[in-house]
Amino acid sequence: MTAATVARVLDGARLMPVLTVPDPGTAGPLADALTAGGVRCAEVTFRTHDAEQVLKTMASHGGLTVGAGTVVTPEQAERAVAAGARFVVSPGFDEEVVVKCGELGVPVVPGIATATELMRALKAGLDTVKLFPAEPLGGLRTLRALAAPFPGVRFMPTGGIDAVALPGYLSEPAVLAVGGSWMATPALLKSGDYAEIRRLTAEAVERSMPCPT
């Protein structure tokens, strides 16, 4: 899957809320809050028991393009797509997951942390990868160092990024989109503070807009 394919599924969206949602009952209100804040895509992580139901509810919302994150096995990829995932994101590179996503016809964005892993992704026919965990790995300095010898690769950095760091990442030509969990933390979901989720989302969307020239 090429960067153009991933970009087409994301439909130009460059901000990706990364969601870990333990209670499927919060999925509907969460989708409402995110769309009210202005985002158009989201990643539901397969870190919880009810991730499939959460994904299914959010995918049926209508205002969001929803993908599955933390997909580490081909079987999870199958379940995610059956639940409505339009794309798949993995924390690392696993060839079996990549092959399965190709069979399912959905874009896959594997996580990489080194040039060696990036070259494995390229060999598998991919040109879009997730730099993960971005900030602990060195943030923009690492991203730029990896992008330099691989000019055709697009990155979706995720991991430790917050609202303050967001514009810097999005200003990089090699960055397709940025993922982050600060907009809808488990604490905010547990307290049901959808107004704060909407506020943080709207703030992030504003920060992701290009500066006027």
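Since this is a predicted model, take the numbers as computed values, not measurements. Positions are given from 1, in the same order as the sequence printed here.
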Query raised in the report: Should L137 and F132 be counted in the same cluster of Ile, Leu, Val, Met, Phe, Trp and Tyr side chains packed under 4.5 Å apart?
Result: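 L137 and F132: separate clusters.
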Determine yes or no for a side-chain-to-main-chain donor-acceptor pair under 3.5 angstrom, with [X] supplying the side chain and [Y] the backbone.
X    : Y    : result
E117 : A113 : yes
S90  : F93  : no
T185 : W182 : no
R40  : D11  : yes
R14  : V175 : yes
E203 : R199 : no

Query raised in the report: Looking at residues at least two apart in the chain, or sitting in another chain, which of them share a side-chain contact (heavy atoms from CB on, under 4.5 Å) with Y169?
Result: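 Y169 satisfies side-chain contact (heavy atoms from CB on, under 4.5 Å) with A134, E135, L140, L143, P157, I161, A165, V178 once adjacent residues are dropped.
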Could you measure the distance from the [atom1] atom of [X] to the [atom2] atom of [Y]? Nearest 0.5 Å is fine.
X    : Y    : atom1 : atom2 : result
E103 : E78  : CD    : CD    : 8.0 Å
M58  : T65  : CE    : OG1   : 11.5 Å
E95  : R120 : CD    : CZ    : 7.0 Å
T158 : M156 : OG1   : CE    : 6.0 Å
F87  : M16  : CZ    : CE    : 3.5 Å
T201 : L34  : OG1   : CG    : 5.0 Å

Query raised in the report: Which is it for L189 and I197 under the side chain to side chain contact (heavy atoms under 4.5 Å, CB included) test, yes or no, and what are the steps along the way?
Result: CA-CA 8 Å; L189 288 171; I197 291 173; 3.9 Å; yes
Query raised in the report: Salt bridge between E52 and K56, side-chain N to carboxylate O under 4.0 Å?
Result: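 Here E52 does not pair with K56 in a salt bridge, since their nearest N and O are not under 4.0 Å apart.
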Query raised in the report: Going through the distances and angles, do R86 and V81 end up as a side chain to side chain contact (heavy atoms under 4.5 Å, CB included)?
Result: CA-CA 7 Å; R86 296 280 308 282; V81 172; over 6 Å; no
Query - R47 and T70: side chain donor to acceptor below 3.5 Å - result: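 Yes, T70 and R47 have a side-chain donor paired with an acceptor closer than 3.5 Å.
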Requested in this report: For side chain to side chain contact (heavy atoms under 4.5 Å, CB included), just list the numbers for M183 and V18, CA-CA rounded to whole Å, side-chain angles, deciding distance to a tenth of an Å, and then say yes or no.
Outcome: CA-CA 8 Å; M183 292 159 276; V18 179; over 6 Å; no
Query raised in the report: How close do P22 and D50 get, heavy atom to heavy atom, and via which atoms?
Result: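 Looking at all heavy atoms of both residues, the closest pair is O-OD2, 4.0 Å.
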Query - Stepwise side-chain hydrogen bond (donor to acceptor under 3.5 Å, both in side chains) test for R154 and T128 - result: CA-CA 5 Å; R154 305 297 298 279; T128 304; over 6 Å; no
Query - Under the side chain to side chain donor-acceptor pair (under 3.5 Å) test, residues paired with R207 that sit two or more places apart - result: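 R207: no side chain to side chain donor-acceptor pair (under 3.5 Å) contacts found.
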Report task. Could I get the full list of side chain to side chain donor-acceptor pair (under 3.5 Å) partners for T20, not counting sequence neighbours? Result ->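 If we apply the side chain to side chain donor-acceptor pair (under 3.5 Å) test to T20, skipping adjacent residues, the hits are T45.
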Query raised in the report: Where do V39 and T35 land on the side chain to side chain contact (heavy atoms under 4.5 Å, CB included) test, with the steps shown first?
Result: CA-CA 5 Å; V39 298; T35 53; 5.6 Å; no
